[in-house]
Amino acid sequence: GDDHRHAAIAQTADEIARFEARHPEGTDARLAFALLNYTGQRRADVVTMGRQHIRDGETPMLRVRQSKTGTELEIPITPPLARVLALVPKTRMTFLETSANKPYSPAYFGNVFRAWCDEAGLPARCRAHGIRKAVATRIADEGHGAHTIAAVTGHRRLADVAHYTRSADQRRNALRAAGAIGGTE
């Protein structure tokens, strides 16, 4: 299958904490991280997001049309993301802008994000795509299945997200069996 594409390990909770400690709220690094971490989108889609994509309502949503697949998604704007977005200057057309006040290209954004990871002392495997994997893993670890992961990430084939649920399901099912495998005293 396509599992070889998912060989890189997602950022760990400790690595995420180190990134956040180095890059406080109000910095572009933290904004970039929040957009990746609270939407589960690819870097190519994160760099196009702006206020025009917010749909207000009982639960504010961020409307995304994925560049790779054309898939249209609405992703809830959670309180941590809302807090960071509130700090973005209203003059920006996209939430993220280069120092020249222009939107990032996906490739340049990936390089800048990697530099921010370097500043936080994170290993070379940490990059923007790893956060997308971490989001999918968190959703699976919370007990949600492939359909729920795909509703956030926009994956079209459930087989592409099944590997996130496999290890979470294995661990949960093994814990359920703890009494049986423990036997009698």
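The basis for the numbers below is simple: all heavy atoms, side chains too, and nothing from hydrogens, waters or symmetry mates.
- A distance-only check finds a donor-acceptor pair linking the side chain of Arg51 to the backbone of Val88 [under 3.5 Å].
- Distance CD/Glu119 to OG1/Thr27: 9.5 Å, rounded to 0.5 Å.
- At a threshold of 4.5 Å between non-hydrogen side-chain atoms, the residues Tyr164 and Lys133 count as touching.
- Distance CZ/Arg138 to CD/Glu142: 9.0 Å, rounded to 0.5 Å.
- Hydrophobic clustering (side-chain heavy atoms under 4.5 Å, transitive across Ile, Leu, Val, Met, Phe, Trp, Tyr) keeps Val64 apart from Met61.
- Annotation: side chain of Val46 is not in contact with side chain of Phe33 (no heavy-atom distance under 4.5 Å).
- Looking only at distances, no side-chain donor or acceptor of Asn37 sits under 3.5 Å from a matching main-chain atom of Val135.
- For Asp169 and Arg172, the salt-bridge test passes: some basic side-chain N is under 4.0 Å from an acidic carboxylate O.
- Within a 6.0 Å sphere centred on CD of Gln52, heavy atoms belonging to other residues, nucleotides or ligands number more than 12.
- There is no path of hydrophobic side-chain contacts, each under 4.5 Å, that joins Tyr104 to Leu87.
- Formation of a donor-acceptor pair under 3.5 Å by the Arg42 side chain with backbone atoms of Lys68 is not found in this model.
- Between Pro123 and Glu15, the closest side-chain pair of non-hydrogen atoms falls below 4.5 Å.
- The structure places CD1 of Ile139 at 14.0 Å from NE2 of His147, a figure rounded to the nearest 0.5 Å.
- Atom-to-atom distance recorded for Asp45:CG and Arg43:CZ is 11.0 Å, nearest 0.5 angstrom.
- Annotation: the span from Leu73 atom CG to Thr153 atom OG1 amounts to 8.0 Å, rounded to 0.5 Å.
- Within the 4.5 Å cutoff, the side chain of Cys126 has heavy atoms near those of the Arg114 side chain.
- Put simply, the side chain of Arg132 gets close to the backbone of Gly40: a donor and an acceptor are under 3.5 Å apart.
- Thr39 contributes a side-chain N or O that, together with a main-chain N or O of Leu35, makes up a donor-acceptor pair within less than 3.5 Å.
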Please evaluate residues Arg171 and Leu175 with respect to the criterion side-chain contact (heavy atoms from CB on, under 4.5 Å), reporting the C-alpha separation (whole Å), side-chain torsions for both, the decisive distance (0.1 Å), and the verdict. CA-CA 6 Å; Arg171 185 176 193 285; Leu175 285 169; 3.3 Å; yes

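- The two residues Phe95 and Gly50 make their nearest non-hydrogen contact at CZ-C, 3.3 Å.
- Screening Leu96, Leu62, Ile54, Leu85 for a side-chain contact (heavy atoms from CB on, under 4.5 Å) with Met49, the sole residue that qualifies is Leu62.
- Residues Ala44 and Ser67 come closest through the heavy atom pair CB-OG, 3.5 Å.
- Using a 4.5 Å heavy-atom threshold, the side chains of Gln41 and Ile75 count as touching.
- Looking at heavy atoms from C-beta onward, Ile149 lies in side-chain contact with Thr165 at the 4.5 angstrom threshold.
- The minimum heavy-atom distance linking Asp141 with Ala168 is given by the pair OD1-CB, 3.3 Å.
- Side-chain contact between Glu20 and Arg30 is present, with at least one heavy-atom pair separated by less than 4.5 Å.
- Remark: Glu72 engages Arg65 in a salt bridge (Lys or Arg N to Asp or Glu O under 4.0 Å) (not counting sequence neighbours).
- Across Leu158 and Ala150, no two heavy atoms sit closer than the pair CD2-CB, 4.1 Å.
- Using modelled atom types, one finds a donor on one side chain and an acceptor on the other under 3.5 Å when comparing Thr69 with Gln66.
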Taking it one step at a time, do Asp14 and Phe19 satisfy side-chain contact (heavy atoms from CB on, under 4.5 Å)? CA-CA 9 Å; Asp14 174 64; Phe19 188 95; over 6 Å; no

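- The aromatic rings of Phe113 and Trp116 sit perpendicular to each other, their planes meeting at more than 60°, with 30° as the lower class boundary.
- Classification of Glu25 and Arg83 as a salt-bridged pair holds, one side-chain N sitting under 4.0 Å from a carboxylate O.
- For the atom pair Arg63 CZ and His53 NE2, the distance stands at 9.5 Å (nearest 0.5 Å).
- Minimum interatomic distance between Arg92 and Thr94 (heavy atoms only, all atoms of both residues): CB-O, 3.1 Å.
- Residues Pro103 and Val47 form no side-chain contact, since every pair of their non-hydrogen atoms from C-beta on lies 4.5 Å or further apart.
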